[in-house]
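Notes to accompany the following structure.
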Amino acid sequence: MELFAPRGTNDILPDAVGGWQYLERIVRETCERYGYREIRLPLFEHTEVFARGVGETTDIVEKEMYTFQDRSGRSLTLRPEGTAQVVRAFIEHKLYGKALPFKVYYIGPMFRYERPQKGRYRQFHQFGVEALGSASPLLDVEMIALPISLYRAAGLHEFEVHINSIGCHVCRPAYREKLTAYLSERREALCPTCLERLERNPLRVLDCKNPGCREATEGAPKSHEHLCTECHDHFSTVRAGLDAVGIRYVLNPRLVRGLDYYSRTVFELIGLDLGAQDALGGGGRYDGLVEQCGGPPTPAVGFAVGMERLLLSLEARDALRSDGRAPQVYVAALGDAARSRALEIALAMRQAGLRTELDYEDRSLKAQMRTAQRSGAQYVVILGDDELAAGRAAVRKMATGEQSEVPLTGIVQWLEGRVNG
RNA sequence: GUGGGUGUAGCUCAGCUGGUUAGAGCGCCAGGUUGUGGCCCUGGAGGUCGUGGGUUCAAGUCCCAUCACUCACCCCA
């Protein structure tokens with residue numbers, strides 16, 4: 001093999017596309033039902049958008065970005081996530097001047113330079129939803145409810161909902177102090193990366209998987225118990241809202257999220273069939289990000305879901321459906337004269353809106369019938385010299401095997417009236 | 001970036017301690033039905049054994065390197 005796709009990228013072949021189209025349709029229908037409109041943004045941005053938007057100390061920015069220079073020397077980066085660029089577009093087009101909240105969803109490929117493994121690829125696909133311009137806890141609830149109802153619509157019922165609140169610029173510094181003090185007393189128990197985190201981003205020590213670190217942080221101060229009054233009230237209302245709409249969740253004090261822009265509510269949807277990369281989706285509030293990126297103070301909340309992971313989960317449960325559709329009609333022909341007439345008839349049927357396939361090679365009727373049956377075609381039109389002479393075709397309904405003689409002049413209408421789907 | 005596993009036909013894989021023309025199932029093509037699918041039977045096409053070195057009389061099999069895939073660490077969707 002000479003040429004191959006770059007590591008971590010995947011070709012989505014025709015047999016798999018139906019599943020993608022199915023999911024994409026569910027995504028669009030669900031998002032629109034919740035009042036979100038699609039936004040389409042560039043696949044690459046000025047590197048600055050992500051460096052400032054995602055956070056300089058995040059792994060994404062430090063080591064996972066596909067960054068390159070264009071011919072004029074500008075530094076550009078293939079988008080590793082969507083929130084930062086939605087914020088950029090929101091500010092650039094001064095959308096804060098329009099009716100708020102600004103509610104959008106996006107769907108498309110993202111790029112991160114990581115070692116691939118199950119559920120993790122260098123080019124992967126996400127859909128995400130963002131609402132900018134409202135601090136209402138009702139939106140937090142809606143943000144959690146949306147992906148859940150989407151999963152259910154798609155056929156996935158096995159997942160957990162984890163939530164937490166990590167406070168805001170008012171209460172987080174104090175909490176951070178407390179946590180740092182607590183962790184500092186247990187330095188010996190922490191892994192090397194956590195010692196690093198202790199300096200730069202102590203909250204991240206909480207979600208380390210290392211057994212030693214987990215033990216050391218067992219009794220650590222919990223962010224949701226150190227919230228300021230506003231954050232506390234907000235979180236209480238979110239939780240009450242979740243209860244009210246019947247969403248069961250786990251309050252997970254270790255859930256802190258890896259991106260710097262989050263504040264207050266954070267949540268993650270954990271898949272049960274995914275191996276190590278088990279986050280189906282996640283998100284939270286990012287009330288300070290718009291201002292930090294140069295816009296007016298604007299509270300916001302959003303989430304993103306990994307499409308491959310959703311697909312993997314559905315496949316694991318044998319629940320993946322497909323929008324791919326089989327031909328309705330297959331035209332089989334015997335002999336040269338019949339074959340050119342077959343093309344004519346097939347084109348007329350396609351013109352009329354019927355999904356029609358035909359045989360291009362000079363193959364036996366048996367071979368054509370086999371191909372037709374495997375394609376899933378509902379009807380086979382059989383054309384030979386006899387039929388040509390008589391001006392009729394034999395039309396076989398594959399499901400039942402019953403066969404009729406249909407005049408060629410009316411065959412399109414005849415099939416239009418009988419075919420389904 | 002680090003570690004483990006795996007690379008043999010289009011697909012899934014077998015190939016014993018190195019030994020002659022490398023196999024199976026599925027798929028594909030054809031025939032059995034001189035014009036009819038699903039089941040069955042028969043036959044056929046298809047392989048630089050990932051790649052490059054090395055050891056040996058002899059390498060799919062052993063050694064080294066390399067590439068790719070995969071799982072995990074890390075991190076996240």
Side-chain angles (χ1 to χ4, degrees), chain A residues 1-10 13 15 54 57-64 79-83 106-129 147 191-194 196-197 201 204 207-210 255-259 267-271 274-283 302-313 330 332-335 338 359 361 363-388 393-403:
Chain A
M1 186 60 84
E2 246 305 87
L3 302 172
F4 45 87
R7 163 170 292 184
T9 65
N10 292 104
L13 300 178
D15 282 348
V54 179
T57 68
T58 59
D59 280 14
I60 289 180
V61 171
E62 281 184 346
K63 51 183 200 191
E64 296 173 4
R79 64 181 190 187
E81 62 110 48
T83 301
Y106 56 83
I107 177 166
M110 302 291 166
F111 307 84
R112 290 184 200 172
Y113 187 88
E114 298 182 272
R115 285 288 289 269
Q117 70 186 77
K118 186 181 176 71
R120 190 175 78 181
Y121 310 99
R122 289 183 172 183
Q123 176 176 342
F124 60 104
H125 298 78
Q126 285 188 337
F127 80 88
V129 173
C191 69
T193 38
C194 279
E196 179 104 4
R197 288 179 182 129
N201 195 345
R204 295 270 295 283
D207 71 350
C208 184
K209 288 175 190 166
N210 184 298
L255 178 61
V256 297
R257 308 284 300 159
L259 281 60
F267 64 94
E268 224 163 79
L269 301 151
I270 313 286
L274 284 170
Q277 306 303 319
D278 62 357
L280 271 171
F303 73 85
V305 165
M307 301 280 287
E308 281 84 355
R309 291 183 185 177
L310 187 47
L311 247 353
L312 283 171
S313 300
Y330 190 97
L334 291 150
D359 184 72
E361 311 299 328
R363 300 196 305 150
S364 68
L365 182 59
K366 177 177 179 156
Q368 296 184 58
M369 291 299 293
R370 188 169 51 232
T371 302
Q373 117 92 5
R374 286 185 187 165
S375 78
Q378 298 163 29
Y379 287 87
V380 176
V381 172
I382 300 167
L383 265 189
D385 292 337
D386 299 349
E387 285 78 5
L388 240 44
V395 181
R396 186 177 181 87
K397 182 172 184 177
M398 294 302 267
T400 60
E402 63 185 303
Q403 203 157 306

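Quick note on labels: first sequence line is chain A, next is B, and so on, each numbered from 1.
When the C1' atom is compared between B/A14 and B/C49, the two are found 13 Å apart, to the nearest whole Å. Atom C1' of B/G23 sits at a distance of 25 Å from the matching atom of B/G5, rounded to the whole Å. Nucleotides B/U21 and B/G25 have their P atoms positioned 23 Å apart, rounded to a whole Å. Between the P atoms of B/G18 and B/A58, the separation comes to 15 Å (whole Å). With P as the reference atom, B/C62 and B/U17 are 9 Å apart, rounded to whole Å. When the P atom is compared between B/U42 and B/U33, the two are found 15 Å apart, to the nearest whole Å.
Taking atom CG of A/Leu310 as the reference point, atom P of B/A77 lies 15 Å away to the nearest angstrom. As a whole-Å value, the separation of A/Gln368 CD from B/G38 C1' is 17 Å. Atom P of nucleotide B/A77 and atom CD of A/Gln126 are separated by 7 Å, given to the nearest angstrom. Distance, A/Glu268 CD to B/A77 P: 7 Å, rounded to whole Å. Atom CD in A/Glu308 sits roughly 9 Å away from atom C1' in B/A77 (whole-Å rounding). Atoms CE (A/Met398) and C1' (B/G37) sit 4 Å apart, rounded to a whole Å. With rounding to whole Å, A/Gln277 atom CD is found 7 Å from B/A72 atom P. Distance OH (A/Tyr113) to C1' (B/G1): 9 Å, rounded to an integer number of Å.
For B/C73, one of the phosphate oxygens OP1 or OP2 lies less than 4.0 angstrom from a side-chain nitrogen or oxygen of A/Gln117. Between A/Arg7 and B/C69 there is a side-chain N or O to OP1 or OP2 distance below 4.0 Å. The side chain of A/Arg120 places no N or O atom within less than 4.0 Å of a non-bridging phosphate oxygen (OP1 or OP2) of B/C71. For A/Arg79 and B/A77, the shortest distance from a side-chain N or O to OP1 or OP2 is not below 4.0 Å. Not one side-chain nitrogen or oxygen of A/Arg396 sits closer than 4.0 Å to the OP1 or OP2 atom of B/G37.
Within the 4.0 angstrom heavy-atom criterion, no nucleotide atom of any strand lies near A/Leu269. The residue A/Tyr121 sits close to a base: some heavy atom pair falls under 4.0 Å. Within the nucleic acid shown, A/Lys366 comes within 4.0 Å of at least one base atom, counting heavy atoms only. The residue A/Lys209 sits close to a base: some heavy atom pair falls under 4.0 Å. Heavy atoms of A/Asp278 sit under 4.0 angstrom from at least one base atom.
Nucleotide B/G44 forms a Watson-Crick or G-U wobble pair with B/C28, both donor-acceptor distances falling under 3.5 Å. For B/U36, there is no paired base (Watson-Crick or G-U wobble, both distances below 3.5 Å).
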What's the verdict on salt bridge (Lys or Arg N to Asp or Glu O under 4.0 Å) for A/Arg112 and A/Glu81, showing C-alpha distance, side-chain angles and the deciding distance? CA-CA 9 Å; A/Arg112 290 184 200 172; A/Glu81 62 110 48; 5.7 Å; no
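By the stacking rule of 5.5 Å between ring centres and under 30° between planes, A/Phe124 stacks on the base of B/A77.
Side-chain to base pairing of A/Glu64 with B/G1: no donor and acceptor N or O lie closer than 3.5 Å to each other.
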